[in-house]
Amino acid sequence: MDEKKLAIVATKGTLDWGYPPFILASTAAALGYSVEIFFTFYGLQLLKKDLGHLRVSPLGNPAMPMPVPMPNLMMILPGMEGMATSMMKNKMKAKGVASLEELRELCVEAEVRMIACQMTVDLFEFDTADFIDGVELGGAAAFFEFAGESDITLFI
Amino acid sequence: MVQEDKLLDARGLNCPLPILRTKKALGEMSAGQILKVVATDPGAVKDFEAFSKQTKNPLLDQAEAGGEFIFFIQKA
């Protein structure tokens, strides 16, 4: 059977932007796609065993819904980022949204291939021992080997 | 109404969990068996139709009652 393929480039390492790659990858895998995610730059944060360090910042993000409207400049105040992060986590839990760890685990179970960009791992001095098991290292050419024959390619 | 072989309670779960749990449940069943899924995510209606179409597991029946969405999916 000719399997459909999905290639994703994950470039962001915040709590909110960590979701799209794992949601789309796990769903595509459930639909029978063969999936590969290439993690580069800040996206590498999504590969760490513990994702408790991921945050969401309201600073410079005027579209983020707030309980009380306030000028975005105020988001520079200490504690705002922590507040936004715990608010989002609580809201997600209350609404039955999966945790990032859970979605990532579902991706691993579904044999989604995860490639960490060697250049940015070296650049930011990531320790690959901090990554979850099964992560491969590769470069742009390795990405194109899969992306070149993919039906869908997403840059997130 | 269709008689199910297995029941999946996906109430309170949000996208994409109902679909992922359904996929997993179907994986543990044999061909021809019927899975009943109960969900509360309104997005599930479109998602289950799309899931059925793409995975070729027929969606035999669906219903809505009191904010709950019920799907009967047959394992292909």
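Below, chains carry the letters A, B, ... as their sequence lines are ordered, and counting in each starts from 1. Model, not experiment: these values are computed from the prediction.
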Worksheet item: In terms of heavy-atom proximity below 4.5 Å to chain B, should A:Leu106 be classed as side chain, backbone, both, or neither?
Response: side chain
Practice prompt. Mind checking the CG-CZ spacing from B:Leu35 to B:Phe71? Nearest 0.5 Å is all I need.
Written response: 11.5 Å
Fill in: Rounded distance (nearest 0.5 Å) linking atom CE of A:Met74 with atom CE of A:Met80
4.5 Å
Fill in: Heavy-atom pairs under 4.5 Å with chain B, option from A:Ala94, A:Ala110, A:Ala98, A:Gly96 with the top count
A:Gly96
Could you pull out every donor-acceptor pair under 3.5 Å between chain B and chain A?
| residue | atom | partner | partner atom | Å |
| --- | --- | --- | --- | --- |
| B:Asn14 | N | A:Gly96 | O | 2.9 |
| B:Asn14 | ND2 | A:Lys95 | O | 2.9 |
| B:Arg21 | NH2 | A:Glu102 | OE2 | 2.8 |

Worksheet item: Taking only residues two or more places apart in sequence, or in another chain, which ones meet B:Phe51 in a ring pair (Phe, Tyr, Trp, His ring centres under 6.0 Å)?
Response: none
Discussion item. Surrounding CG of A:Leu73 (heavy atoms of other residues, nucleotides or ligands, distance under 6.0 Å), is the total greater than 12?
Written reply: no
Worksheet item: So what's closer than 4.5 Å to chain B heavy atoms on A:Leu24: side chain, backbone, both or neither?
Response: neither
Discussion item. Connecting only ILVMFWY residues whose side-chain heavy atoms lie within less than 4.5 Å of each other, what is the rest of A:Phe144's hydrophobic cluster?
Written reply: A:Val9, A:Phe38, A:Ile115, A:Phe143, A:Phe155
Worksheet entry | Listed partners of B:Leu60 passing side chain to side chain contact (heavy atoms under 4.5 Å, CB included), at least two apart | B:Val2, B:Ile34, B:Pro58, B:Phe72, B:Gln74
Practice prompt. Take B:Val37 and B:Ile70, measure what side chain to side chain contact (heavy atoms under 4.5 Å, CB included) needs, and give me the verdict at the end.
Written response: CA-CA 6 Å; B:Val37 185; B:Ile70 300 157; over 6 Å; no
